[in-house]
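Remember, it's a predicted structure, so these values are computed and weren't measured experimentally.
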Amino acid sequence: MVGIVLISHSSGLAEGAAELVGQIAAGTRVVPAGGTDDGRLGTSTDRIAAAIAAADTGDGVLLIPDLGSSVLSALALLADLDPRANGERIRLADAPFVEGAVAAAVAASGGLDLTAVASAAEEARDVRKL
């Protein structure tokens, strides 16, 4: 099953979103990576790397960042990874944080592959609430 990493500037936001998503799509591995190593707002490539390792079940990992530097941190980490080892196994989604995470987790729980899970997350930006 595809794993999901939620990257946020806030550890509370990442953890809360992961909790919500976990209740909606039980069984899906959703791992938060929020805040800095010293507890401040910000992002940490070390936390992202640890979350990727925790989320990886062998079918790939989708990264969903909240905004701004969380995207840059994820891109920096991906640039440093060995493409032969990770190749298409780790993807960064351009998706709304909560809605994208829910859509991705539901797709992952249905056994869809990484490309389909990423598409589900990214398509969530077009879902209307009203």
Side-chain angles (χ1 to χ4, degrees):
M1 182 182 300
V2 172
I4 299 166
V5 173
L6 301 180
I7 305 167
S8 175
H9 289 76
S10 165
S11 62
L13 179 58
E15 291 166 8
E19 179 184 11
L20 172 70
V21 171
Q23 289 181 18
I24 293 170
T28 305
R29 194 169 295 184
V30 181
V31 182
T36 62
D37 296 331
D38 61 0
R40 293 178 298 131
L41 291 176
T43 56
S44 162
T45 55
D46 290 339
R47 285 183 176 220
I48 297 167
I52 290 169
D56 191 1
T57 63
D59 293 323
V61 177
L62 183 66
L63 310 180
I64 303 177
D66 61 359
L67 50 90
S69 65
S70 64
V71 175
L72 298 176
S73 295
L75 287 170
L77 178 65
L78 291 174
D80 288 342
L81 294 177
D82 180 358
R84 291 170 302 192
N86 295 299
E88 292 296 314
R89 292 189 45 239
I90 302 172
R91 294 207 26 201
L92 182 61
D94 182 10
F97 191 65
V98 175
E99 293 88 340
V102 168
V106 169
S109 72
L112 298 179
D113 67 13
L114 181 56
T115 298
V117 171
S119 292
E122 292 175 350
E123 289 169 6
R125 81 169 58 84
D126 298 324
V127 175
R128 296 180 48 93
K129 292 183 183 181
L130 298 176

State, to 0.1 Å, how close Ala51 and Ala33 come at their nearest heavy-atom pair, and which atoms those are.
CB-CB, 3.8 Å
Nearest 0.5 Å, please: how far is CG in Leu6 from CD in Glu19?
12.0 Å
Within a strict 4.5 Å, meaning less than it, do heavy atoms of the Leu77 and Ile90 side chains meet?
no
Which residue in the set Thr115, Leu112, Asp113, Leu114 passes side chain to side chain contact (heavy atoms under 4.5 Å, CB included) when paired with Val2?
Leu114
From Thr36 atom OG1 to Asp46 atom CG, the distance as rounded to the nearest 0.5 Å:
11.0 Å
For residues Thr57 and Arg29, determine if any side-chain heavy atom of one lies less than 4.5 Å from a side-chain heavy atom of the other.
yes
What is the minimum heavy-atom distance between Glu122 and Leu92, and which atoms define it?
OE2-O, 4.1 Å
Are the side chains of Thr43 and His9 in contact, using a 4.5 Å heavy-atom criterion?
yes
Do Thr28 and Val21 have side chains that get closer than 4.5 Å, going by heavy atoms?
no
Shortest non-hydrogen contact from Ala14 toward Phe97
CA-CZ, 4.4 Å
Taking all non-hydrogen atoms of both residues, which atom of Val71 and which atom of Pro65 are closest, and how far apart?
CG2-CG, 3.7 Å
Return the minimal non-hydrogen interatomic distance between Ile64 and Ala101, and the atom names on each side.
CD1-CA, 3.6 Å
Should Leu75 and Val5 be regarded as members of a common hydrophobic cluster, given that ILVMFWY residues are connected when their side-chain heavy atoms come within less than 4.5 Å of each other, either directly or indirectly?
yes
Closest heavy-atom pair and its distance - Ala121, Ala104
CB-CB, 3.9 Å
Once rounded to the nearest 0.5 Å, what's the spacing between atom CG of Leu63 and atom OG of Ser73?
11.5 Å
Test of understanding: clusters of I, L, V, M, F, W, Y form through side-chain heavy atoms closer than 4.5 Å, transitively. Do Val98 and Val31 belong to the same one?
no
Is it the case that more than 12 heavy atoms not belonging to Arg40 sit under 6.0 Å from its CZ atom?
no
Between CD1 on residue Ile48 and CG on residue Leu78, distance to nearest 0.5 Å
8.5 Å
Return the CG to OG distance between Leu41 and Ser8, rounded to the nearest 0.5 Å.
8.0 Å
Single-linkage hydrophobic cluster Ile24~Val117, side-chain heavy atoms < 4.5 angstrom
yes
Find the distance between CD1 (Ile7) and OG (Ser70) and round it off to the nearest 0.5 Å.
6.5 Å
